[in-house]
Amino acid sequence: MGVDSRLGQLVLFAVLLLQACSSGESQRTTKDAIRAAAAAHADNICLTSEAMDRESAQTLADIADLMAEEPGPKDDSTLAAIQGASLARQRGCVD
């Protein structure tokens with residue numbers, strides 16, 4: 001399995017994970033749901049860095065940086081991805 005194929009699967013997994021974390025949070029506030037999804041995304045990035053390779057994890061974090069630079073309002077999933085990448089950086093999983 002090539003790196004491009006694995007990266008595509010990782011991105012899909014991250015998106016599905018973020019959706020699952022945020023969709024079942026009806027009793028929590030939106031802010032708490034975003035925070036939980038961000039933590040899950042950070043965990044995913046860190047696990048990717050440990051289990052596969054740091055380059056794939058770095059790519060996931062870099063994608064969040066690109067999303068942060070896009071003008072306009074951000075939806076909850078995008079905010080969670082951006083915050084998750086920041087958490088992964090704080091943990092030292094990516095640069």
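Note that the numbering runs from 1 along the sequence shown for the chain.
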Quick one: do Arg54 and Asp95 satisfy side chain to side chain contact (heavy atoms under 4.5 Å, CB included)? Show the steps, please. CA-CA 9 Å; Arg54 192 170 174 104; Asp95 298 323; 3.2 Å; yes
In sequence, state the C-alpha distance, the side-chain angles, and the governing distance for Lys31 and Asp76, and then conclude on salt bridge (Lys or Arg N to Asp or Glu O under 4.0 Å). CA-CA 9 Å; Lys31 199 175 209 179; Asp76 293 350; over 6 Å; no
Between Leu66 and Glu69, does the side chain to side chain contact (heavy atoms under 4.5 Å, CB included) criterion hold? Intermediate values first, please. CA-CA 5 Å; Leu66 292 174; Glu69 292 174 4; 4.1 Å; yes
Candidate pair Thr78 and Gln83, rule side chain to side chain contact (heavy atoms under 4.5 Å, CB included), full reasoning: CA-CA 9 Å; Thr78 302; Gln83 290 176 17; over 6 Å; no
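Across all their heavy atoms, Lys74 and Met67 have their closest contact at CE-O, 3.2 Å. Across His41 and Ala81, no two heavy atoms sit closer than the pair CD2-O, 3.4 Å. Taking every heavy atom of both residues into account, Ile82 and Ala68 meet most closely at CD1-CA, 3.5 Å. Contact record, Ala42 with Gly84: CB-O, 3.3 Å, taken as the closest heavy-atom pair.
Test Thr59, Val94, Leu87 against Ile45 for side-chain contact (heavy atoms from CB on, under 4.5 Å) and you get one pass: Val94.
Within the model, atoms CG of Asp62 and CD of Glu55 stand 10.0 Å from one another, a figure rounded to the nearest 0.5 Å.
Salt-bridge check for Arg91 with Asp43: passed, with a basic side-chain N closer than 4.0 Å to an acidic carboxylate O.
Side-chain atoms of Ser49 come within 3.5 Å of backbone atoms of Cys93 as a donor-acceptor pair (strictly under, hydrogens ignored).
In this structure, Asp75 has no salt bridge (charged side-chain N to carboxylate O under 4.0 Å, His left out) partners at least two apart in sequence or on a different chain. The salt bridge (charged side-chain N to carboxylate O under 4.0 Å, His left out) test applied to Arg35 returns Asp32, not counting sequence neighbours.
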